[in-house]
Amino acid sequence: MKGLKILIVAFVCLLAQSCTCNDGDIGPLWGTWRVTELEIDNEKVEDYSGTLYFCFQASVYVQRYVYEEIHGKDEVTAAWEYEGDDLLIYFSGVNGLHKPLAITGMQIGENLVEVVKSSGDNMTLSYENPDGVVYTYYLKKW
């Protein structure tokens, strides 16, 4: 009986610990999102393979591009903040690392991304880079 009580207490502690990301608030962006479609200046990128992912957890943002044919990937990290419809993504570029993936059009430093639409498992983001090129990312919760 004593062993069962210890097992139950351990399970409850483990369960409680796993649910405390950001003080229990995981927010609407938390998790991994697959970029299903990409537009540049309102034109669909026809040769886009659909293997770009945006990942949000705590204050860490990850861009991941998967090369399925060779079972490889490129992955970079950044910091992010979200307030209202504004998503601020910051790439430090330290030591040549932490640079955004070229396909996203983002730059080293601050990138202000607008959450155009967010409904459950679908989200649309828009980003205008310093050259005035507008990138639209259509995401699906992965």
Side-chain angles (χ1 to χ4, degrees), residues 3-142:
L4 180 61
K5 287 181 182 178
I6 292 172
L7 184 61
I8 290 172
V9 169
F11 179 74
V12 169
C13 289
L14 182 64
L15 184 63
Q17 182 179 5
S18 67
C19 297
T20 58
C21 179
N22 293 338
D23 296 326
D25 178 17
I26 60 174
L29 301 185
W30 186 87
T32 301
W33 296 81
R34 181 176 179 212
V35 180
T36 58
E37 189 175 321
L38 176 62
E39 291 179 357
I40 299 175
D41 284 337
N42 295 317
E43 291 190 27
K44 183 178 178 179
V45 177
E46 295 297 332
D47 63 347
Y48 170 63
S49 65
T51 58
L52 174 64
Y53 298 85
F54 292 168
C55 309
F56 301 89
Q57 185 171 3
S59 61
V60 178
Y61 166 77
V62 176
Q63 288 180 348
R64 179 180 304 131
Y65 191 87
V66 177
Y67 301 94
E68 293 175 338
E69 64 280 355
I70 62 169
H71 305 287
K73 66 180 178 181
D74 286 332
E75 187 172 277
V76 296
T77 59
W80 70 285
E81 295 177 18
Y82 179 57
E83 189 172 320
D85 292 333
D86 293 333
L87 174 59
L88 183 64
I89 300 173
Y90 179 79
F91 290 92
S92 67
V94 173
N95 297 328
L97 301 173
H98 308 290
K99 295 188 299 187
L101 299 176
I103 191 171
T104 66
M106 293 185 193
Q107 311 290 311
I108 292 175
E110 291 184 355
N111 296 271
L112 182 60
V113 179
E114 178 186 1
V115 178
V116 176
K117 178 184 173 189
S118 179
S119 60
D121 290 347
N122 295 294
M123 183 167 47
T124 304
L125 304 177
S126 180
Y127 167 70
E128 183 175 346
N129 74 13
D131 297 327
V133 179
V134 177
Y135 289 77
T136 306
Y137 317 97
Y138 296 90
L139 297 97
K140 176 108 179 121
K141 189 77 167 201
W142 192 248

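The figures that follow rest on heavy atoms only: side chains count, while hydrogens, waters and symmetry mates do not. Residues take their numbers from the sequence shown, with the count starting at 1.
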With sequence neighbours excluded, residues passing side chain to side chain contact (heavy atoms under 4.5 Å, CB included) with [X]:
{"X": "Asn42", "value": "Glu39"}
{"X": "Val116", "value": "Glu114, Thr124, Ser126"}
{"X": "Glu83", "value": "none"}

Can you tell me how far apart [atom1] ([X]) and [atom2] ([Y]) are? Round to the nearest 0.5 Å.
{"X": "Thr104", "Y": "Leu38", "atom1": "OG1", "atom2": "CG", "result": "9.0 Å"}
{"X": "Met106", "Y": "Leu112", "atom1": "CE", "atom2": "CG", "result": "10.0 Å"}
{"X": "Phe91", "Y": "Leu101", "atom1": "CZ", "atom2": "CG", "result": "7.0 Å"}
{"X": "Asp74", "Y": "Thr51", "atom1": "CG", "atom2": "OG1", "result": "10.0 Å"}
{"X": "Leu29", "Y": "Cys55", "atom1": "CG", "atom2": "SG", "result": "12.0 Å"}
{"X": "Ile103", "Y": "Ser49", "atom1": "CD1", "atom2": "OG", "result": "6.5 Å"}

Can you name the side-chain hydrogen bond (donor to acceptor under 3.5 Å, both in side chains) partners of Thr77, sequence neighbours left out?
->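 For Thr77, the residues satisfying side-chain hydrogen bond (donor to acceptor under 3.5 Å, both in side chains) (neighbours in sequence not counted) are His98.
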
Residues in ring-ring contact (aromatic ring centres under 6.0 Å, His included) with Tyr67, at least two apart?
->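 Scan of Tyr67 (ring-ring contact (aromatic ring centres under 6.0 Å, His included), adjacent residues dropped) gives Tyr65.
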
Would you check if the side chain of Trp80 reaches a backbone N or O of Ala58 as a donor-acceptor pair within less than 3.5 Å?
->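 Indeed, once roles are kept as given, a pair shorter than 3.5 Å links the two residues.
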
Whether Asp47 side chain and Val45 backbone form a donor-acceptor pair below 3.5 Å =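 The answer is no, because no donor-acceptor pair under 3.5 Å joins these two groups.
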
For residues [X] and [Y], report the shortest heavy-atom separation together with the two atoms involved.
{"X": "Tyr82", "Y": "Pro28", "answer": "CE2-CG, 3.8 Å"}
{"X": "Ile89", "Y": "Ala78", "answer": "CG2-CB, 3.9 Å"}
{"X": "Trp30", "Y": "Gln57", "answer": "NE1-CG, 3.4 Å"}
{"X": "Val76", "Y": "Pro100", "answer": "CG2-CA, 4.2 Å"}

Which pairs with one or both residues in residues 122-142 pass ring pair (Phe, Tyr, Trp, His ring centres under 6.0 Å), sequence neighbours excluded?
->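 Residue pairs with at least one partner in residues 122-142: Tyr53-Trp142, Phe54-Tyr137.
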
Show your reasoning for whether side-chain hydrogen bond (donor to acceptor under 3.5 Å, both in side chains) applies to Tyr61 and Gln63.
-> CA-CA 7 Å; Tyr61 166 77; Gln63 288 180 348; 3.2 Å; yes

Residues which pass salt bridge (Lys or Arg N to Asp or Glu O under 4.0 Å) with Lys73, listed by chain and number, not counting sequence neighbours |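 In terms of salt bridge (Lys or Arg N to Asp or Glu O under 4.0 Å), with neighbours along the sequence ignored, Lys73 is linked to Glu75.
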
Tell me, which pairs form a salt bridge (charged side-chain N to carboxylate O under 4.0 Å, His left out) where one or both residues lie in residues 124-141, sequence neighbours left out?
->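 Those involving residues 124-141 do not exist here.
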
Report the C-alpha distance between Arg34 and Leu139 in whole Å, list the side-chain angles of each, state the deciding distance to 0.1 Å, and finish with yes or no for side-chain contact (heavy atoms from CB on, under 4.5 Å).
-> CA-CA 5 Å; Arg34 181 176 179 212; Leu139 297 97; over 6 Å; no

Any side-chain heavy-atom pair from Tyr48 and Glu37 closer than 4.5 angstrom?
->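 Answer no - side chains too far apart.
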
